[in-house]
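What follows is one structure encoded as structure tokens, with my remarks underneath.
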Amino acid sequence: MSTLTTLVGTTDLAILIYFLVLNSFYAVLLILSIPEIWEQTRLAEDEDFQRLMQSDALPPITILVPAYNESATIEASVTALLTLEYRNYEVVVVNDGSKDDTMEQLRHAFDLYEIPRVYPETIPTKPLRALYRSRSRSRLLVLDKENGGKADSLNAAINASRFPLVIAVDADTLIEPDALLRLTRPFLLGREIAAVGGTVRVANNCTVKDGRVTDARVPGKILPGIQVVEYLRAFLFGRLGWNRLGGNLIISGAFGLFRKEYVLEIGGYRTTSIVEDLDLVVRLHRYLRAKKITYDMPFIPDPVAWTEVPESMKVLSRQRERWHRGLISAIWQYKTMLFNPRYGRVGFLAMPFYAFGEMLAPVVELVGYLITGLGLAFGLVNVSFALLFVLVAWGYGMLLSIWAVVLEEVSFRRYRRLGDLFRLLLFAALENFGYRQCTVWWRLKAFAKVGRGGHVWGDMARKGFGKASVAALLALWLARPCLGQSLRVSAWSSYEAVDNSQDWSTLGAQLTLTTARGHGGWLAAEMLGRFGETDVTERVGGVVHPTQRLWLTAEAGTSRQPTFSPKNTWETDASALIAPRVSTGVGYRRWNYAVGPVDIWMPHITTETSKMSWTMRVFVSRNPSHRTDGAVSLRVTRALSRRTTVSLLGAGGRESYLVGAVVRSLRTATGAAGIRYNAARGMTLRLDATVIHSSPILSRTGVAIGVERGL
Amino acid sequence: MNARSFLIVVAIVQGGLLAALLVLIVLNRWFRLRRSTRLNPLREAVDASMRRWAAGTAPLAGVMVGLGRMPTSLAIDAIVKWSARVPGERWRQLALALEHTWWARLVRANSTSARWWKRLETARFLSVAATPQDAARLTKLINDPHPAVHVAAVACLERMENTSLTLTALDRLPQLAPTVQAYYAAMLLRSRPVVIDHLQKRLRGVDDPALPRLAEFAARLAEPALRERLTALAAHTDPEVRIQSARGLGSFPHRESVAALKNLVTDDAWAVRAQAVRSLGMIADVSTLPLVQAALQDNVWWVRLRAALALMRFAAPGRKALLEAEVGSDAFARATAQMVLGLPAQALAEFAT
């Protein structure tokens, strides 16, 4: 029962902290959205569209319209696109091997005639069947190609586009006549634009005439109605807030403008991606940051496109699951951007927010519901407290939704009727009861689908999880005799800036079980980023304490993708207390690299005074090149106070490192400093900084943070 | 404070905020409704009096009274809207009359405001209602750090001929992003003599970092007086300058232009070659036909496309050259010729832009 109490208590605390951090961030976005919407409204009101329309200053734009089985709406959609208020633009419609008569409809409606292909295939796509121009509409170009999906169609349209800016719109999206003019505002303000996003609104229940929304209404049905509030929240306060933080990660695929030059540089849309727009934007950020190009990716609220949202649970669940799979895929794919200073605010704010705040949110919410249920069932959680907590959490969600309604009301006010306003408020309130839980479930299903090995995980999925399962079983076996004893969980992360190479990063966690007599076992996993590649290593180890003065330690580790790390590692150590406060021992480590093993012998000695501890280690290694290297390290640890300890380490010599395909002997000099703080409740925080001078390569400086908690 | 008390406080604060937001929504609706009820008749009255004044059937005083009754921002909106519909001379009367109204004086005074939206309001107002006395204010506004303000202010050049303002805008032009630059260029077209005179001086400074942008602007003007300078720039070391020179020279069917383009067509930079070939097509001097024909075999697709399109502008000889290329031995030239010969006139015209 005590373990359960601890589990419920710790999880509750973790969820509370998560809730506080995430909602504080939302509050920041909310506050930032105020000046942003004020500025945007002001600029929108003062723009002189008449003059702009007459000027030829505005950049020419290509509208990309992928169409698959859009026979019913294609004529109206394309006609509406061809009559936008903009001086210089073209529309490229791609019939993506539709099975219905979309192509026939286009041919008939716009009097198409076939022309030879007049552009190079910059991005490879599925074969093009034919290219058409219209006799009646000179702005229109139609591509007929074999089916390859939306991303492939967009790539084909980009290949065929003539202009430097491209807008991707869905064939069923209705763009407001002045939306293009409004969307180009940041260009006229002289900003270095890589992409611009406009607002997407819900068209269900609106009156549509000639492909234009003439009367905006809030749907009466609950499902699309709640989505109106969701869209308002996502666009008017989420993305506006991100404008000020400089890390917009989503430019809607239904209505987003991109600089073609950059899109081409990154190879266009990725056809294997589930949510191609998010993937494209993240890659754009990565490319532009890596190339140190100054750029902006703002969201502008006043250009509006209208789209129909799902009205049935089945379609909606599929859509949300797909979106979440796309998010997981993108976060996984570009995980090296997380907390990577090279990517600035995108790496430190946007990516972590989307990873921990958006991607993991349904998991945390589910754990919250489960733990609360468990706590209530066993009487570990106070009922009134739990209800109060849920009330506050839901109240906050409602507050955010109503805030979005307020932003809409004070700025663009598309829904003018009182009835619509009432519905918006009603749906903002109802969203938390049922709908929100459904979206959590759909998003959790996305995790399940990804776990089952969808193509989301790329290469990693194909490698299987066999080794991890063995390690887990071993850990369980080790853990059994230790039940009821002390359990410690630790996690660490480090970042190292490496000279003339891609930076290194590490993320690891360890679970340690220790008996009262000092025996113990641990299980650790580390995710390593080195030389632009990623690897995951697992270690399992144990320590036995046969006599009061002797410790025997053994550890084994494996690697999933041993390109830069050993395929497996083995380590043993025997240490003995030889005098009061003096211990000595010898360790042996074998690292089996793909190119051969490295054997390391490590004699060591530790001595302690009342406040300080000194440890000296010698490393003698033999590498596959039959070279023997030697290094020595000295670590001094001193307690500053009851809770704080500092340590300094100096080391020098030659060490064996796998570099490329060979193990090289590098001359290294290392300096490290660290601080440990033992907080309350068995929590330890640590921070370390290292400087390693390594010749001829791999000199690096880094920081590491760690947290450890005893349960 | 324990966790329960904390949550109770949070719940109370949330409840208060929710109530405040609901009140805000209601008040906003009510305020807007009241405002539009009050202002719509005024707006209609101003529109009616403007219409009558523009037609010469009513005095200006009626317009001034109407504008004076409206809030400043709406009055400025009305002025900007009507400025495009009233003939210049008549509009100048309104601008002069506005100089003495209290609200216009207030707007003018805002040109030095610390708040950008106030300066933007002034810039919009002066862009259509400036008088010669506003030159200093406009100079400051054209140099304003906020992009919306200087973009609005530079529109005054459409109506005002003032050398100092023109030169201020011209000096700022090279530092601007391409879209803003194009907008400035459109606004500067009215002050052509001053601009050309200034450009002739600036285009002489071969080390001027602004040269590529100035050359681009000069090319856009297609002004014969600048031909000589653009021809000289054809030998500039910066490929960006040579591109603009090649682009600009296409507007001048002069032997010196043709000679410069003949050199540029063999430039190392493919973008220069593409522009030069395009310009040769625009001039369509038969003596350059072999050069354009040779460009059909260039190793860059864009140069080949430009060459093929240029050959189409040479009429019969060009078409003949393309037909020869279509059955010739060079695969590049053959494919490009095939492609362009298949294009209808409309597509050719579109590609030429």
Side-chain angles (χ1 to χ4, degrees), chain A residues 16 38-39 42-43 45-48 50-52 54-60 88 90 113-120 133 135 138-139 141 162 164 184-193 382 384-385 388-389 391-392 395-396 398-399 402-403 405-406 409-410 413 416 418 421 424-425 429, chain B residues 3-4 7-8 10-11 14-15 17-18 21-22 24-26 28-29 32 73 76-77 80-81 83-84 116-117 120-121 123-124 127-128 146-148 150-152 155 158 175-187 301-302 305 338-344 346-347 349-351 353:
Chain A
L16 189 68
W38 186 84
E39 183 174 345
R42 192 85 224 185
L43 288 170
E45 278 172 2
D46 287 344
E47 206 159 41
D48 190 349
Q50 233 172 8
R51 186 176 282 139
L52 279 178
Q54 285 157 11
S55 135
D56 63 356
L58 290 177
N88 199 1
E90 63 172 355
Y113 62 96
E114 195 171 340
I115 58 162
R117 185 185 170 139
V118 281
Y119 56 86
R133 279 203 169 272
R135 286 194 182 87
S138 63
R139 291 183 198 277
L141 179 71
R162 281 195 299 147
T184 48
R185 185 185 311 125
F187 290 92
L188 201 62
L189 296 180
R191 293 163 75 175
E192 303 285 342
I193 298 298
N382 184 299
S384 62
F385 183 81
L388 190 62
F389 184 80
L391 184 78
V392 167
Y396 195 78
M398 202 191 298
L399 198 69
I402 292 181
W403 180 250
V405 177
V406 170
E409 276 291 302
V410 300
R413 233 158 56 93
R416 294 190 172 251
L418 267 176
L421 174 63
L424 281 179
L425 294 173
Chain B
R4 179 189 296 273
L7 281 182
I8 290 170
V10 172
Q14 276 182 0
L17 275 174
L18 274 174
L21 288 181
L22 292 175
L24 181 67
I25 289 173
V26 173
N28 177 63
R29 283 249 161 174
R32 279 185 186 242
S73 59
I76 293 173
D77 280 346
V80 170
K81 188 175 96 183
S83 67
W116 64 265
W117 56 96
L120 176 59
E121 211 169 66
R124 290 186 71 218
S127 71
V128 292
H146 198 285
H150 72 76
V151 164
E158 267 191 336
Q175 306 144 22
L176 302 169
T179 308
V180 194
Q181 216 176 75
Y183 186 78
Y184 263 58
M187 296 301 140
W301 186 86
W302 284 104
L305 177 73
Q338 235 165 20
M339 191 170 68
V340 171
L341 284 170
L343 287 176
Q346 187 187 330
E350 279 176 17
F351 267 103
T353 57

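Order of the sequence lines fixes the chain letters, A, B, ..., with proteins taken first and strands second; residue numbering starts at 1 for each chain.
- Considering CG of A:Leu43 and CH2 of B:Trp117, their distance stands at 11.5 Å, rounded to 0.5 Å.
- A donor-acceptor pair under 3.5 Å links the side-chain atoms of B:Gln14 to the main chain of A:Val392, judged by distance alone.
- Atom CG of B:Leu7 is separated from atom CG of A:Leu391 by 9.5 Å, given to the nearest 0.5 angstrom.
- Only the side chain of B:Val128 comes within less than 4.5 Å of a heavy atom of chain A; its backbone N, CA, C and O stay farther away.
- Interface remark: B:His150 contributes no atoms to any contact with chain A (heavy atom separation under 4.5 Å).
- For a residue to count as touching a neighbouring chain, one of its non-hydrogen atoms must lie under 4.5 Å from one of that chain's; by this rule A:Tyr113 touches chain B with the side chain only.
- With a 4.5 Å cut-off on non-hydrogen atoms, A:Glu39 touches chain B through its backbone and its side chain both.
- Within the 4.5 angstrom heavy-atom criterion, only backbone atoms of A:Arg416 (N, CA, C, O) approach chain B.
- Rounding to the nearest 0.5 Å gives a distance of 9.5 Å between CG of B:Leu21 and CG of A:Leu425.
- No other option in A:Arg135, A:Glu45, A:Arg413, A:Arg191 has as many heavy-atom pairs under 4.5 Å with chain B as A:Arg413.
- Heavy-atom minimum distance, B:Ala177 versus A:Gly190: CB-CA, 3.8 Å.
- Taking B:Arg29, B:Glu121, B:Arg124 one by one and counting their heavy-atom pairs under 4.5 Å with chain A, the maximum is reached by B:Arg29.
- In this structure the side chain of A:Thr184 never reaches within 4.5 angstrom of the side chain of B:Thr179, judged on heavy atoms.
- Put simply, of B:Leu17, B:Leu18, B:Ile8, the one with the most heavy-atom pairs under 4.5 Å next to chain A is B:Leu18.
- Here the closest heavy-atom approach between residue B:Val180 and residue A:Leu188 is recorded as CG2-O, 3.4 Å.
- There is no contact between B:Leu176 and chain A, counting heavy-atom distances below 4.5 Å.
- Remark: A:Glu409 CD to B:Leu24 CG distance equals 9.0 Å, nearest 0.5 Å.
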